[in-house]
Amino acid sequence: MKKRAKQLIERALSNAIQAGKISTDPIPPLVFEVPKDASLGDLATPIAMAMARTERRPPRAIAGDIAACIDDAEGWLASAEVAGSGYLNLRFHPRFWHRCVDEVLAGEHGPAAIGAGSRVLVEFVSANPTGPLTVGHGRNAVLGDSIARLLEATGHEVTREYYFNNAGRQMKLLGESVRARSLALLGAEAEFPEGGYQGDYIADIAARLVAERGAALRQETGVGVFKDAAEKSIFADIRATLERLAIKFDRYFNEDTLYADGRIDATLQELRDRDLAFDRDGAVWLRGERLGLDKDRVLVKSSGEPAYRLPDIAYHRDKLARSYHRNVLVLGADHIAEHQEVLAALRGLGYATESIHGIIYQFVTLTRGGVQVKMSTRRAEYVTVDELVDDVGSDVVRFFFLTRKADSHLEFDLDLAKKQSADNPVFYVQYAHARVCSVEKQAASQGLSFALGGDELQRLEAPEEVAVVRLLAQFGDVVEEAAAALEPHRVVFYLIDLAAEFHRFYNRNRILVDDHELATARYFLAQATKLVIADGLELLGVGAPESM
RNA sequence: GCGCCAGUAGCUCAGGGGAUAGAGCAACGGCCUUCUAAGCCGUGGGUCGCAGGUUCGAAUCCUGCCUGGCGUACCA
């Protein structure tokens, strides 16, 4: 919708310049907004107000000149009026709306391929394989996957990647925890490690291992067998959980490969070569001040083990070497500092980091009975994604996580999600889709069939009918803007608006009326709505049920 | 102390230079002999955290302050 308006006004502006009516150079950005009050028109631009100063004329006069220069040969506009303190308000002609419905029915309503030719890596989840995915990981997973869907829908070539932290101290601790539980099952003395993982899943893994290997485990001196079993088991569980949310990755990048092929050492050496790393107290440090950080940070602990940030830097070097046009990564708010360190180190190594877009989402607050629930994976105090999906289903979980922008804290009220799931707006949107399907069934059972032959859509004259079309026409704009901003929540709010307009239309008008021409017009309006809702829900990874 | 994010209706949140600030939930009152009432219509509800500043115009941008979350680990 905005695309058409933009073409018209851009041409009007150049006409006005040629006619000597406007001299501002350069012209300020041409933006359109949908007026809150539909009586003001379908689209408005404050461009004249933005030029008032340089033109040294009242905005209304400038807007009038632009309006007079509009060359609308195809007749899309019904009017272009100057309003308020200098808005130029456009109102589309009914034939424009009919065209929009036609486009939806023909499947031509989607966003433009603004990302054509652009290769994008989306890294998300990247949870350590030390336990089940929790609510916080759920937000990450759903956000990342929906961002990837938006990018794909706008023509980007997307790779979904999970950075698998299967190296380091936490994994060792995980192995020790399993070892302790296993030996206990075999009746041997085993001290549970300090700060070890206490979840039931550890005992389950130990039980399976004992069943498989028996008493031979008592001879295991290392932790390797236990760690490998735990990693394999937990990884399988994580994958299964993600699949329940309809999330699949194209690639799992294993952290241990960075150790195996020497890239950790190579990265450290390059940092040293550039004097960005130095030794102190038996550890190797990243030189903070030179990189614009507030202090020095440990790269290699005095124990000889790299701290987490060194492999992270090496991993990002690998990503950049793969030359994606954009590198999106989804991170919890607790990783902000680390993200800044990685970016600083990369710049210090001479890399351009403009392609990296970190989406930092704020924490999920979990409340139960109005009281906040504190979570800790190690103490096994958490609510898992699996539990949520068990209780309310994948659609509700996904939709819920996407109804807030990443910057906002998200309160997940467990009581509300579990007991009153029918109040969730996801049903409101899905219901609109199901209602259209119901109308289709009803029509079929009555032996009615509809076809668009010519002017039927002209019968869509009621305000609530036009209001639905106006929203349908915005779908492409919304998806493009959501993809550009990497903000799936825009699609969520759009769908709620569209569902609301459809329900209003549905309640005020019967679709299958005796007047066949009118019934045809309404039937296809409903069809178009159904198609757009299904497309929108698909972007969110939420199903569009045919009946509810 | 420093850094990032947030503060908008009773609650949860959209809007993030532009027209009279919106939605859902909660409260109250209406609407099913007719395509799904998981719906619709109506009513009430606001110092947009506070104070300055920039601007023709500020919930929106800038500065300071207050409150909350998260960081500020030789945890990841």
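The figures that follow rest on heavy atoms only: side chains count, while hydrogens, waters and symmetry mates do not. All chains are named by letter (A, B, ...) in the order of the sequence lines, taking the proteins before the strands, and each is independently numbered beginning at 1.
Among the atoms of the strands shown, base atoms are found under 4.0 Å from some heavy atom of A44(A). Across all strands shown, H409(A) has heavy atoms under 4.0 Å from base atoms, whether or not it also approaches the sugar-phosphate.
Taking 3.5 Å as the limit, the base of A76(B) and the side chain of Y308(A) contain a donor-acceptor pair of atoms between them. If you check distances only, the side chain of S408(A) never reaches the base of C13(B) with a donor-acceptor pair under 3.5 Å. Below the 3.5 angstrom threshold, one finds a donor paired with an acceptor across the side chain of K405(A) and the base of G16(B). Taking only distance into account, the side chain of N89(A) meets the base of A19(B) through a donor-acceptor pair shorter than 3.5 Å.
Counting to the nearest Å, the P atom of G3(B) and the CD1 atom of I336(A) are 13 Å from each other. Atom CG in D334(A) sits about 20 Å away from atom P in G3(B), given to the nearest Å. The separation between E501(A) atom CD and C40(B) atom C1' is 12 Å, rounded to whole Å. In this entry the distance linking NE2 of H503(A) with P of A37(B) reads 10 Å, nearest Å.
Side-chain contact annotation: R404(A) with H409(A), donor-acceptor N/O pair under 3.5 Å absent. Residues R398(A) and S146(A) bring a donor and an acceptor atom of their side chains to less than 3.5 Å of each other. Side-chain N/O atoms of R60(A) and S85(A) include no donor and acceptor closer than 3.5 Å.
Distances from the side chain of N128(A) to the nucleotides A76(B), G69(B), C40(B) place A76(B) closest. Distance from the side chain of Y506(A) is smallest to C35(B) among C13(B), C35(B), G15(B). With A76(B), G39(B), U20(B) as the choices, the nucleotide that has an atom nearest any side-chain atom of Y428(A) turns out to be G39(B). Listed nucleotides: C74(B), A38(B), C40(B). Nearest to the side chain of F427(A): A38(B). Taking every side-chain heavy atom of R508(A) into account, C41(B) is the closest of C35(B), A14(B), C41(B). When distances are taken from the side chain of K36(A) to each of C75(B), A19(B), C40(B), the shortest belongs to A19(B). Checking A73(B), G71(B), C40(B) against every side-chain atom of N507(A), the shortest atom distance belongs to C40(B). Listed nucleotides: G39(B), C74(B), A6(B). Nearest to the side chain of K301(A): C74(B). Checking C70(B), A19(B), A76(B) against the side-chain heavy atoms of A83(A) singles out A19(B) as nearest. For D37(A), counting side-chain heavy atoms from C-beta on, the closest listed nucleotide (C35(B), U20(B), C74(B)) is U20(B).
Separating the C1' atom of G7(B) from that of A14(B) is a span of 15 Å, rounded to the nearest Å. Between G64(B) and G46(B), the distance separating the two P atoms is 32 Å to the nearest Å. As rounded to the nearest Å, A58(B) and A51(B) have C1' atoms that lie 15 Å from one another. G24(B) and G44(B) are spaced 15 Å apart, taking the P atom of each and rounding to whole Å. Only the P atoms considered, C13(B) is 15 Å distant from C70(B), to the nearest whole Å.
Between C2(B) and K295(A), no contact under 4.0 Å exists linking OP1 or OP2 to a side-chain N or O. Taking side-chain N and O atoms only, Y197(A) has no distance below 4.0 Å to OP1 or OP2 of A76(B). Taking only side-chain nitrogens and oxygens, R490(A) never comes nearer than 4.0 Å to OP1 or OP2 of A14(B). Under 4.0 angstrom from either OP1 or OP2 of G15(B) there lies at least one side-chain N or O belonging to H489(A). At the phosphate of A37(B), OP1 or OP2 sits under 4.0 Å from a side-chain N or O atom of R435(A).
D514(A) CG: 12 or fewer foreign heavy atoms inside a 6.0 Å radius.
For C4(B), the O4'-C1' to base torsion is more than 90° from 0; the nucleotide is therefore anti.
For the strand RNA chain B, secondary-structure stems (runs of at least three Watson-Crick or G-U pairs, all distances below 3.5 Å) span B:1-7 with B:66-72, B:10-13 with B:22-25, B:27-31 with B:39-43, B:49-53 with B:61-65.
Comment: R510(A) does not engage D515(A) in a salt bridge, judged by the lack of any side-chain N to carboxylate O separation of less than 4.0 angstrom. Taking 4.0 Å as the cut-off between side-chain N and carboxylate O, D296(A) and R287(A) do not count as a salt-bridged pair. A salt bridge links K530(A) and E440(A); the closest N-O separation between the charged side-chain nitrogens and carboxylate oxygens is under 4.0 Å.
The CD1 atom of I9(A) sits 9.5 Å away from the CG atom of L43(A) when rounded to the nearest 0.5 Å.
No donor-acceptor pair closer than 3.5 Å links the side chain of T24(A) to the backbone N or O of T54(A).
Paired with R508(A) under the rule salt bridge (charged side-chain N to carboxylate O under 4.0 Å, His left out), one option of E465(A), E501(A), E464(A) passes, and it is E464(A).
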